[in-house]
Amino acid sequence: MIELKSAEEIRKIRESGALLKELFDMLDETIKEGMSTYDVDREAHEFMKRHHVTGPCLGYYGYPAVSCVSVNDTVIHGIPSKKIILKDGDLVSVDICLEKDGFISDSTHTYEIGTVSSAVHDLNVRTREALYRGIEAAGTANARVQDIAHAIESYIKQFGYGIVREYCGHGVGFEMHEDPLIFNYVSISNPNPKLRKGMVFAIEPMICMGSHRIKDLKDGWTVKTVDGSVACHWEHTVAITDNGVEILTR
Ligand code: MF3
Ligand code: CO
């Protein structure tokens, strides 16, 4: 069931999202070669403590951190680790949920460490562009969920990249994961509700340079590409309002 949010509730999620954006501004200045992914998570967690907010990923089905930090062929849900050291040429996505006064926002940024190959840089730029095309589609009149999927898929297809199929965007705000599901590819078997004022959801394309096929590691979380190709992930929380679509995490 899709839970619509009132203007007041959207205002609270907007506050949560604004702080999450500030957290990413801090990471923009902080993430560097030589840091471990554990260090990245600690920076995020310290930021949350300073601002008296929490990270609902921590403890979610036993997840041990406030962020997912996924390097190169790790697509999503990379567990922060002191053993994973960021090095020149790495592509690293940082996925964070933030809860403020009971309202949750969700966003992912992907960082290039030092100088990445032009192929990796292109993947990063195009994945972010796919997110913005999905957001734009959500803002058009009478849009449905699959218009977002279509915008993302039709843009990404030309590059021959793989689009992850097993994970998708989702409603957010009261809980970390709510209806509707926001897929990144079109299928007649996926639900396709009409977008309505008061919907708040995360759009999050997960794009692989090679095949879309993924595998789960034995740690129960880490998701990698099967072919070892580099993957990328960008995410924003958006709201549907009278004025179309509003990005709450930017
Ligand atoms: N933030 C992720 C999402 O985009 C969920 C992370 S799973 C967790 O949906 F275990 F880290 F919480
Ligand atoms: Co999400």
Side-chain angles (χ1 to χ4, degrees), residues 19-51 53-99 104-117 119-121 123-125 127-128 131 164 166-167 176 202 204-210 214-237 249:
L19 193 58
L20 183 51
K21 191 253 176 216
E22 227 185 273
L23 197 168
F24 278 110
D25 288 345
M26 179 278 292
L27 287 182
D28 288 346
E29 304 298 318
T30 308
I31 291 196
K32 281 187 184 57
E33 185 179 351
M35 283 174 88
S36 69
T37 59
Y38 174 88
D39 295 333
V40 175
D41 184 74
R42 196 185 44 201
E43 293 288 342
H45 202 179
E46 291 299 325
F47 179 96
M48 290 178 186
K49 288 180 195 161
R50 280 199 299 280
H51 291 85
V53 296
T54 54
C57 288
L58 181 64
Y60 182 77
Y61 292 98
Y63 188 75
V66 297
S67 65
C68 301
V69 187
S70 305
V71 181
N72 295 337
D73 64 333
T74 298
V75 187
I76 49 169
H77 301 170
I79 302 174
S81 164
K82 289 180 179 167
K83 290 187 197 144
I84 303 174
I85 309 291
L86 300 179
K87 57 183 197 307
D88 187 51
D90 281 348
L91 192 70
V92 51
S93 75
V94 183
D95 182 354
I96 304 177
C97 286
L98 185 146
E99 180 169 348
I104 298 174
S105 56
D106 187 2
S107 183
T108 304
H109 289 222
T110 289
Y111 295 92
E112 300 177 9
I113 305 301
T115 310
V116 301
S117 71
V120 166
H121 176 68
L123 175 71
N124 189 21
V125 170
T127 303
R128 186 175 53 209
L131 168 60
V164 171
E166 291 84 349
Y167 294 89
M176 198 156 61
E204 49 179 317
M206 290 154 263
I207 308 297
C208 314
M209 202 185 290
I214 55 172
K215 60 180 181 191
D216 300 319
L217 295 200
K218 288 198 192 71
D219 63 20
W221 288 103
T222 311
V223 176
K224 287 192 178 257
T225 58
V226 169
D227 64 7
S229 70
V230 174
C232 189
H233 183 198
W234 280 86
E235 175 178 27
H236 277 307
T237 296
T249 44

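In what follows, every heavy atom counts, from backbone to side chain, and hydrogens, waters and symmetry copies are set aside. One-based numbering along the sequence shown.
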- Measuring from D28:CG to K21:NZ, what's the distance to the nearest 0.5 Å? 7.5 Å
- Which heavy-atom pair separates C97 from I104 by the least distance, and what is that distance? CB-CG2, 4.3 Å
- Message: Ignoring hydrogens and geometry beyond distance, is a side-chain donor-acceptor pair present between T225 and D73 at under 3.5 Å?
- Response: no
- Task: Report the C-alpha distance between T127 and T110 in whole Å, list the side-chain angles of each, state the deciding distance to 0.1 Å, and finish with yes or no for side-chain contact (heavy atoms from CB on, under 4.5 Å).
- Result: CA-CA 9 Å; T127 303; T110 289; over 6 Å; no
- Task: Would you check if M35 and T30 make a side-chain contact, meaning some heavy-atom pair closer than 4.5 Å?
- Result: yes
- Rounded distance (nearest 0.5 Å) linking atom OG1 of T74 with atom CD1 of I214: 11.5 Å
- Item | Separation of H121 NE2 from L91 CG (nearest 0.5 Å) | 10.5 Å
- Backbone N/O of K83 and side chain of S81: donor-acceptor pair under 3.5 Å: yes
- From SG (C57) to NE2 (H77), nearest 0.5 Å: 7.5 Å
- Message: Any heavy-atom pair between the side chains of W221 and C68 that's under 4.5 Å?
- Response: no
- Message: Quick check: do S36 and I84 have side-chain heavy atoms less than 4.5 Å from each other?
- Response: no
- The reported gap from CD1 in I207 to OG in S229 (rounded to nearest 0.5 angstrom) is 11.0 Å
- Answer whether the closest heavy-atom distance between the side chains of M48 and L23 falls below 4.5 Å. yes
- Message: Looking at every heavy atom in both T108 and S93, which two are closest together, and how far apart are they?
- Response: CG2-CB, 4.1 Å
- Message: Go through it in stages, so that I can follow the logic: the residues are Y111 and V40, the test is side-chain contact (heavy atoms from CB on, under 4.5 Å), and I'd like the CA-CA distance, side-chain angles, deciding distance and then a yes or no.
- Response: CA-CA 12 Å; Y111 295 92; V40 175; over 6 Å; no
- Message: If you compare all heavy atoms of M26 against all heavy atoms of E43, which two are closest, and at what distance to 0.1 Å?
- Response: CE-O, 3.5 Å
- Message: If we ignore hydrogens and angles and just use 3.5 Å, is the side chain of T249 paired with the main-chain N or O of H236 as donor and acceptor?
- Response: no
- Correct closest heavy-atom pair for P64 and I79 would be CG-CG2, 3.7 Å
- Task: Determine yes or no for a side-chain-to-main-chain donor-acceptor pair under 3.5 angstrom, with D88 supplying the side chain and T115 the backbone.
- Result: yes
- What are the two closest heavy atoms between L20 and S105, and how far apart are they? CD2-OG, 3.6 Å
- Message: Is any side-chain heavy atom of Y167 closer than 4.5 Å to one of V75?
- Response: no
- Closest contact, heavy atoms only, K87 versus E33: CA-CG, 4.0 Å
- Message: When you compare the side chain of D95 with that of D106, does any pair of heavy atoms fall below 4.5 Å?
- Response: yes
- Task: Could you check if a side-chain atom of V92 sits within less than 4.5 angstrom of a side-chain atom of L86, using non-hydrogen atoms only?
- Result: yes
- Message: Are V53 and F47 packed together at the side-chain level, in the sense that at least one heavy-atom pair is separated by less than 4.5 angstrom?
- Response: no
- Item | Derivation of the side-chain contact (heavy atoms from CB on, under 4.5 Å) call for V116 and N124 | CA-CA 10 Å; V116 301; N124 189 21; over 6 Å; no
- Looking only at atom types and distance, does a side-chain atom of D41 sit under 3.5 Å from a main-chain N or O of V66, one as donor and one as acceptor? yes
- Item | Working for side-chain contact (heavy atoms from CB on, under 4.5 Å), residues F24 and I96 | CA-CA 9 Å; F24 278 110; I96 304 177; 4.0 Å; yes
- Message: Let me confirm one number: the NE2-CG distance from H109 to L131, rounded to the nearest 0.5 Å.
- Response: 9.0 Å
